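See below for the structure under consideration.
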Amino acid sequence: MANRLILKQVLLAAILSSAACAVNAKVVASIKPLGFIASSIADGVTETDIVVPTGASPHDYSLKPTDVKKLKSADLLLWIGEDVDSFLAKSIGALDNRKVITIAKLDSVAPLLGKATHHHKEHDHEHHHADHEDEHQHDHDEHDKTGLSTNWHIWYSPEISKMVAAELAEKLTERFPAQKELIAENLLDFNRTLNERSDKIKLQLAAVKDKGFYVFHDAYGYFNDAYGLKQTGYFTINPLVSPGAKTLATIKEEIAEHKVSCLFAEPQFTPKVIESLSKGTGVHVGRLDPMGDKIQLGKRSYADFLQFTADSYGECLAK
């Protein structure tokens, strides 16, 4: 009798443990903007977690032991696989490929990838000062003879984000077949909300589309193209390194010719050069947050992130 009671308790514990695992199953995204996409599709299905914490930048992030555990316990892992989150490469190599979504390898994404400009001389000099001179720097060097390289800040592209959402929905359905209808509903809502928000943003930014501006680092090309903004240039390619003298001289010339309305800083970095240029020229200073630190994960978080970016642009460019 006692043995049967013990057996029942063991079985009950196993069932509860299994249920707890299902409830706590997670989609882990390398960076928060990918988490916005993931949490939209996984809403009501499972939790979404992020590797790079609020306030940190993936450009100089190093994995902690807790991050490695998070990766190993994830049901699905969403990452770009190039440049921005290359710090994950070694750890992901040890994971089950079926649990990993590598955006850089998605066939649907490849035709939508854009380019970013690289200044060879200053960029080569920057490599001697950066903290990571391995995979991350190698990826930054992968440019063609025209000085162009793939722009891996893909979360700023509404169209690429739709492709990522569709892939994530497919993988989630495989993992949670009982939630198939909810996942499909979440995907439809994601696309519908994104289309509606994009139309709103285009109207919102139409009044400032001809105003030039400089961003801190070259991360916003997809957003600018999608919503018709006119970026004059950027301060640096590698946000860990301040721009060189030639770049600053060019920016000063642009400001002097009244082609630049705003200089945009980022909360993850506080370059003094932006402050000095502002004081010397009177040009307005705004702030763009490529990590979306102030946005909460949730069903509409990706659309909210794009809106937050649009509001940040509009606030400065409208002055």
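The structure displayed is predicted, hence computed values, not measured ones. When reading the values below, keep in mind they use all heavy atoms of this one structure, side chains included, and skip hydrogens, waters and symmetry mates.
- To the nearest 0.5 Å, atom CD1 of residue Ile103 and atom CH2 of residue Trp79 are 10.5 Å apart.
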Yes or no on side-chain contact (heavy atoms from CB on, under 4.5 Å) for Ile101 and Lys171, after CA distance, side-chain angles and deciding distance?
CA-CA 8 Å; Ile101 299 175; Lys171 294 293 186 182; 3.7 Å; yes
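- Once rounded to the nearest 0.5 Å, the distance linking CD1 of Ile183 with CZ of Arg175 reads 10.5 Å.
- Side chain of Asp189 to backbone of Glu185: no donor-acceptor contact under 3.5 angstrom is found.
- Under the 3.5 Å distance criterion, the side-chain polar atoms of Ser301 are matched with a main-chain donor or acceptor of Gly298.
- With hydrogens and angles disregarded, a donor-acceptor distance shorter than 3.5 Å links the side chain of Lys70 to the backbone of Ile50.
- Separation of atoms OG1 (Thr232) and OH (Tyr214) is listed at 6.5 Å; rounding is to 0.5 Å.
- Of the inter-residue distances, the one linking Leu112 atom CG with Met163 atom CE reads 6.5 Å to the nearest 0.5 angstrom.
- Here the shortest heavy-atom pairing between Ser161 and Ile37 reads OG-CD1, 3.6 Å.
- Residues Thr193 and Tyr302 have side chains that never bring a donor and an acceptor to within less than 3.5 angstrom of each other.
- For Asp49 (side chain) and Val28 (main-chain N/O), no donor-acceptor pair under 3.5 Å exists by modelled atom type.
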Between Leu172 and Asp75, does the side-chain contact (heavy atoms from CB on, under 4.5 Å) criterion hold? Intermediate values first, please.
CA-CA 9 Å; Leu172 272 176; Asp75 284 87; over 6 Å; no
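- Proximity of Asp218 to Gln231: side-chain heavy atoms (C-beta onward) are separated by under 4.5 Å at one or more points.
- Considering only heavy atoms from C-beta on, Lys200 comes within 4.5 Å of Gln307 through its side chain.
- A ring pair (Phe, Tyr, Trp, His ring centres under 6.0 Å) with Phe36 holds for exactly one of Phe308, Phe305, Trp155; it is Phe305.
- Tyr222 contributes a side-chain N or O that, together with a main-chain N or O of Gly114, makes up a donor-acceptor pair within less than 3.5 Å.
- Within 6.0 Å of CD on Glu315 lie no more than 12 heavy atoms contributed by other residues, nucleotides or ligands.
- When side chains are defined from C-beta on, Val52 does not count as touching Ser30, because their heavy atoms never get closer than 4.5 Å.
- For Lys319, the NZ atom sits in a packed shell: over 12 heavy atoms of surrounding residues, nucleotides or ligands are nearer than 6.0 Å.
- Using a 4.5 Å heavy-atom threshold, the side chains of Leu168 and Leu76 count as touching.
- Taking every heavy atom of both residues into account, Leu317 and Cys262 meet most closely at N-SG, 3.5 Å.
- To the nearest 0.5 angstrom, Leu34 atom CG is 7.0 Å from Asp85 atom CG.
- Side-chain contact annotation: Tyr61 with Asp67, donor-acceptor N/O pair under 3.5 Å present.
- At a threshold of 4.5 Å between non-hydrogen side-chain atoms, the residues Phe235 and Ile274 count as touching.
- Residues satisfying the salt bridge (Lys or Arg N to Asp or Glu O under 4.0 Å) criterion with Asp210, sequence neighbours excluded, are absent altogether.
- Residues Glu266 and Met291 fail the side-chain proximity criterion, which asks for heavy atoms closer than 4.5 Å.
- Under 3.5 Å, the side chains of Asp304 and Gln296 contain no donor-acceptor pair of N or O atoms.
- Heavy-atom minimum distance, Pro58 versus Val84: CB-O, 3.4 Å.
- Closest heavy-atom contact between Leu187 and Ala169: CD2-CB, 3.9 Å.
- No donor-acceptor distance shorter than 3.5 angstrom exists from the side chain of Ser40 to the backbone of Phe190, with no hydrogens or angles considered.
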Should Lys99 and Asp96 be marked as a salt bridge (Lys or Arg N to Asp or Glu O under 4.0 Å) after you check the CA-CA gap, both sets of side-chain angles, and the distance that decides it?
CA-CA 6 Å; Lys99 297 169 61 175; Asp96 184 346; over 6 Å; no
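- In summary, the aromatic rings of Tyr227 and Tyr313 are positioned with their centroids too far apart to meet the 6.0 Å limit.
- Ala226 and Lys202 get closest at one heavy-atom pair: O-CE, 3.5 Å.
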Go through it in stages, so that I can follow the logic: the residues are Ile201 and Thr309, the test is side-chain contact (heavy atoms from CB on, under 4.5 Å), and I'd like the CA-CA distance, side-chain angles, deciding distance and then a yes or no.
CA-CA 10 Å; Ile201 290 173; Thr309 303; over 6 Å; no
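- Between Phe264 and the options Tyr234, Tyr220, Phe213, a ring pair (Phe, Tyr, Trp, His ring centres under 6.0 Å) holds for only Phe213.
- Cluster annotation: Leu188 is not connected to Val45 through the hydrophobic network of ILVMFWY side chains, with a link wherever side-chain heavy atoms come within less than 4.5 Å.
- Checked by atom type and distance alone, the side chain of Lys32 pairs as donor or acceptor with a backbone atom of Asp293 at under 3.5 Å.
- In terms of heavy-atom proximity, Leu205 sits nearest to Ala310 at CD2-O, 3.6 Å.
- One N or O on the side chain of Ser73 and one on the backbone of Lys69 form a donor-acceptor pair closer than 3.5 Å.
- A single hydrophobic cluster is not seen to contain both Leu95 and Val68; linkage of ILVMFWY side chains at heavy-atom distances under 4.5 Å, directly or through other members, places them apart.
- Proximity of Glu47 to Val27: side-chain heavy atoms (C-beta onward) are nowhere separated by under 4.5 Å.
- You'll find the side chain of Asn186 reaches within 4.5 Å of the side chain of Leu182, heavy atoms only.
- If you chain together hydrophobic residues whose side chains sit under 4.5 Å apart, Leu113 and Leu106 fall into the same group.
- Side-chain atoms of Lys299 never come within 3.5 Å of backbone atoms of Ile41 as a donor-acceptor pair (strictly under, hydrogens ignored).
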side-chain contact (heavy atoms from CB on, under 4.5 Å) evaluation trace for Val51 with Leu63
CA-CA 8 Å; Val51 176; Leu63 285 179; 3.7 Å; yes
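- Side chain of Ser157 to backbone of Ile160: a donor-acceptor contact under 3.5 angstrom is found.
- To the nearest 0.5 angstrom, Lys162 atom NZ is 13.0 Å from Ser108 atom OG.
- Classification of the His153-His59 ring pair by plane angle, with boundaries at 30° and 60°, yields tilted.
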